[in-house]
Amino acid sequence: MSKVFESQLDPVTFEVLKNGFVNLVDQMSEQVLRTCYSFVIYNRDFSAALCDAEGNTVMQGTQDISVHVGTLHLTAKAVIEDFGDDIHPGDVFIVNDPYRGGTHFNDTRVIRPVFYEDKLIAFMQLNGHWADMGGSVPGSFDITSKDHYGEGVRIPPLRIWRKGEYLHDVANVLVSNMRLPEERLGDLRSQTEATKTGETQLLALVEKYGLDTILTAFAEVQDYVERLARAKVAALPDGEWETIDYIDMDPEAGDGLIPIKVKMTIKGDEIFYDLAGSHDYIGCFLNSAFGSSLSAAYAGTKTFFPDIPLNSGFYRVVHVDLPENSVVNAAWPVAVTGFCSGAYEKIMNACFELWSHVMPERALACSFNLEYLLIGGWDKRQGYDNYFMWYDWMAGGHGGRDKRDGANALSPVFGVGLSIQPCEGQERLSPVITTKHEIVTDSAGPGQFRGGCGVEKGGMLTEANDTVMSYCCDRSRSVTWGIFGGLPSTPHGAWLNKDKEDGRFLGAIFSNVKLKKGDTFTRPSAGGGGLGDPLERDPKAVLEDVIDEYVSIERAKKDYGVVIREIDREIDLFEIDEEATKAERELIRHSRAGWLEEDTDSILAKYRNGEIDQLDLIRRYGVIIDLATGTVLEKTTAQNREMLKKRSLAYWA
């Protein structure tokens with residue numbers, strides 16, 4: 001519905017204040033970077049925002065995590081809802097409640113109301129990921145939790161400073177239920193001081209421009225974003241598009257992918273998402289609460305409109321319908337801590353696919369899945385005798401793009417502002433050493449424009465006692481997919497003591513696995529999915545990938561039909577056999593539709609006797625196996641083959 005916008009500010013003042021608000025939020029970020037206690041927050045797992053007196057987001061910063069920003073207005077409104085007129089100068093509130101607009105319990109928001117001459121004019125908010133919130137396992141990521149009681153401390157809107165007085169008893173009650181309470185208190189103080197920095201900067205603007213001008217700018221910055229977004233959407237064709245993505249499984253149900261259905265409608269200058277038909281909430285923590293799923297739709301949309309700032313004006317244009325008691329709208333007390341690896345990124349990638357049809361010049365295939373590996377225990381290195389938390393996430397491959405390959409080894413779409421944690425810092429802070437950290441050959445999804453490559457990271461536990469490991473991921477079965485004819489990448493999953501006698505595959509979600517000194521672990525991140533038919537990729541581009549060790553000679557032939565001879569690897573001398581390439585591509589072109597119909601028993605037999613490998617199973621035959629047992633997952637395979645037929649086979653000539 002078209003709206004009329006009237007501006008009361010001259011263009012110069014508007015532009016100065018709009019950018020001044022961005023700078024204000026960025027200064028909060030710089031403050032927390034320099035004072036936080038947690039290595040997780042230091043590596044940019046945080047976000048900040050300026051909200052108006054009604055809790056609406058006026059401005060975010062330049063490197064904020066996408067999932068946080070789409071929910072910060074909800075937690076500001078939750079404070080207003082609970083405290084109403086009982087909000088005073090010098091108050092500071094804390095909230096992490098995912099059922100009140102938060103994300104998961106680790107994302108802890110500190111919210112400061114800002115007053116000018118006793119009038120509430122704004123809220124400053126700094127959200128940081130606390131490495132532990134209590135609960136049944138170190139890091140608070142317990143896959144076995146069915147409800148929030150095993151996931152840590154739930155903090156509804158709570159006053160932590162009252163009229164400038166620090167409520168140390170309230171803070172102590174909270175952190176006493178968390179591991180490393182001193183670190184938690186340090187982060188609390190850091191975030192609080194960051195909001196103070198934002199307050200100081202805002203009041204300086206008020207003194208310079210006057211309160212009426214600042215409040216007008218709050219409204220007009222949001223109106224500006226709404227106006228810009230509506231104009232962009234109105235220029236697009238009306239229509240409906242729908243797709244489906246999957247979580248690997250419900251651990252209580254076994255074989256079978258968990259569907260998340262997304263239908264997008266463009267009507268005039270507005271966007272509507274309907275997730276009806278998505279699965280009921282499942283028996284593990286990969287569910288998403290309302291706020292997180294709402295944020296996923298915002299972030300998935302915003303990716304295709306990079307020139308539009310993000311604030312509550314954008315939210316007026318995007319409408320999201322989330323079915324209650326589903327995997328995308330789980331209500332209290334359903335477990336939701338793993339939402340980021342579960343429903344959230346599935347919604348984002350589904351949005352990417354839908355928008356790739358609407359705006360093919362910005363097309364983007366599926367990207368690797370966010371993952372967290374957490375190790376906690378007692379640090380017994382010389383000079384240390386304390387609890388430690390090793391909390392790690394990895395880079396991976398983003399999806400192939402229109403006329404460009406996907407980005408290698410990038411932060412997840414969950415938050416591209418995240419830094420990849422430096423191994424040296426991790427090793428100084430905990431008794432875990434990194435044994436490898438390298439790009440994985442053949443991890444990129446094949447396509448005319450291939451996905452970006454994933455990364456493998458390995459580690460070893462040194463001097464520690466009473467240590468356990470947990471892993472939050474997905475896509476060991478719903479493998480990162482391609483679009484417009486592109487192929488999938490590789491499955492996620494972690495190994496303990498791989499290549500040793502007691503080695504075992506632990507999967508993509510597990511909790512509370514005991515570790516001892518000398519145990520090793522490794523896990524690869526997936527590459528991005530491919531875009532376009534791999535047989536249409538320029539053989540010279542495949543050759544360059546082989547030289548760069550992004551693609552092996554074997555998979556150049558199997559995935560791209562490009563036959564390459566190695567002449568001298570030491571000097572990167574290879575050559576393409578053009579006649580053999582022409583024949584191989586013709587063979588694949590005439591065989592690949594039939595591969596997706598081949599009997600799974602015969603395919604498994606080929607796999608077991610070494611005729612084909614795991615990537616053949618996934619990319620040629622669409623067969624998904626349980627990587628721990630080597631058995632075919634029949635229901636999952638049927639669902640995966642159906643996806644391949646729609647996303648790949650339908651686009652093959």
May I ask you to decide whether [X] forms a salt bridge with [Y], counting only side-chain N to carboxylate O separations under 4.0 Å?
X	Y	result
Arg565	Asp577	yes
Arg537	Asp405	yes
Arg475	Glu345	no
Arg641	Glu598	no
Glu353	Lys646	no
Glu579	Lys582	no
Asp442	Lys558	no
Lys261	Asp274	no
Asp533	Arg585	no

**OP:** Verify side chain to side chain contact (heavy atoms under 4.5 Å, CB included) between Leu370 and Tyr344, making sure each step is shown before the conclusion.
**Re:** CA-CA 10 Å; Leu370 172 71; Tyr344 182 86; over 6 Å; no
Angle between ring planes, [X] versus [Y], binned at 30° and 60°: parallel, tilted or perpendicular?
X	Y	answer
Phe304	Phe352	tilted
His104	His129	perpendicular
Tyr372	Phe141	perpendicular
Tyr42	Phe39	parallel
Tyr298	Phe314	perpendicular

Measure the spacing between [atom1] of [X] and [atom2] of [Y] and express it to the nearest 0.5 Å.
X	Y	atom1	atom2	answer
Leu644	Arg620	CG	CZ	13.5 Å
Asn369	Phe414	CG	CZ	11.0 Å
Ile547	Asp545	CD1	CG	9.5 Å
Tyr273	Leu294	OH	CG	11.0 Å
Leu373	Ser470	CG	OG	8.5 Å
Lys232	Ile308	NZ	CD1	6.0 Å

Taking C-beta and beyond as the side chain, do [X] and [Y] meet within less than 4.5 Å on heavy atoms?
X	Y	value
Ile612	Tyr621	yes
Val40	Phe46	no
Val479	Thr490	no
Lys346	Tyr246	no
Glu642	Ile244	no
Glu371	Trp393	yes
Leu487	Pro534	yes
Phe510	Met469	yes

Verify, without hydrogens or angle tests, whether [X] (side chain) and [Y] (backbone) share a donor-acceptor contact under 3.5 angstrom.
X	Y	answer
Glu427	Thr434	yes
Thr480	Cys366	no
Gln614	Leu627	no
Ser648	Gly486	yes
Ser293	Asn329	no
Ser525	Ala395	yes
Thr103	Ser292	no
Thr520	Met460	no
Thr636	Leu633	no
Arg619	Pro488	yes

Minimum heavy-atom distance between [X] and [Y], given as atom pair plus value:
X	Y	result
Val413	His398	CG1-CE1, 3.6 Å
Leu596	Gly622	CD2-N, 3.9 Å
Asp26	Gly61	OD1-CA, 3.3 Å
Met249	Ile509	CE-CD1, 4.3 Å
Asp107	Asn127	C-OD1, 3.2 Å
Gly507	Tyr471	O-CD2, 3.6 Å

**OP:** Could you walk me through whether Asn311 and Thr57 pass side chain to side chain donor-acceptor pair (under 3.5 Å), step by step?
**Re:** CA-CA 5 Å; Asn311 64 24; Thr57 300; over 6 Å; no
**OP:** Might you work through the side chain to side chain donor-acceptor pair (under 3.5 Å) test for Trp481 and Asn349, ending with a clear yes or no?
**Re:** CA-CA 10 Å; Trp481 35 265; Asn349 279 293; over 6 Å; no
**OP:** Might you work through the side chain to side chain donor-acceptor pair (under 3.5 Å) test for Thr243 and Arg647, ending with a clear yes or no?
**Re:** CA-CA 10 Å; Thr243 191; Arg647 291 189 171 115; 3.2 Å; yes
Subject >> Qualifying residue, where the test is side-chain contact (heavy atoms from CB on, under 4.5 Å) with Phe339 and the options are Val67, Asn287, Val327 >> reply: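 When side-chain contact (heavy atoms from CB on, under 4.5 Å) is applied between Phe339 and each of Val67, Asn287, Val327, only Val67 qualifies.
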**OP:** Could you go through the side chain to side chain contact (heavy atoms under 4.5 Å, CB included) check for Arg362 and Leu364 one step at a time?
**Re:** CA-CA 6 Å; Arg362 290 182 176 168; Leu364 177 64; over 6 Å; no
Original post:
Would you find more than 12 non-hydrogen atoms of other residues, nucleotides or ligands less than 6.0 Å from Glu578 atom CD?
Top reply: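 Check fails, neighbour count at 12 or below.
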Subject >> Enclosure of Lys557 NZ (heavy-atom neighbours >12, cutoff 6.0 Å) >> reply: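 It does not: Lys557 NZ has 12 such atoms or fewer within range.
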**OP:** Apply the test side chain to side chain donor-acceptor pair (under 3.5 Å) to residues Glu456 and Thr522: give CA-CA distance (whole Å), side-chain angles for both, the deciding distance (0.1 Å), then the verdict.
**Re:** CA-CA 7 Å; Glu456 184 171 9; Thr522 186; 2.7 Å; yes
Subject >> Worked verdict on Phe305 versus Trp355 for side chain to side chain contact (heavy atoms under 4.5 Å, CB included) >> reply: CA-CA 10 Å; Phe305 297 91; Trp355 281 104; 3.8 Å; yes
**OP:** Show the numbers, then the answer: is there a side chain to side chain contact (heavy atoms under 4.5 Å, CB included) between Ser38 and Asp45?
**Re:** CA-CA 10 Å; Ser38 168; Asp45 198 346; over 6 Å; no
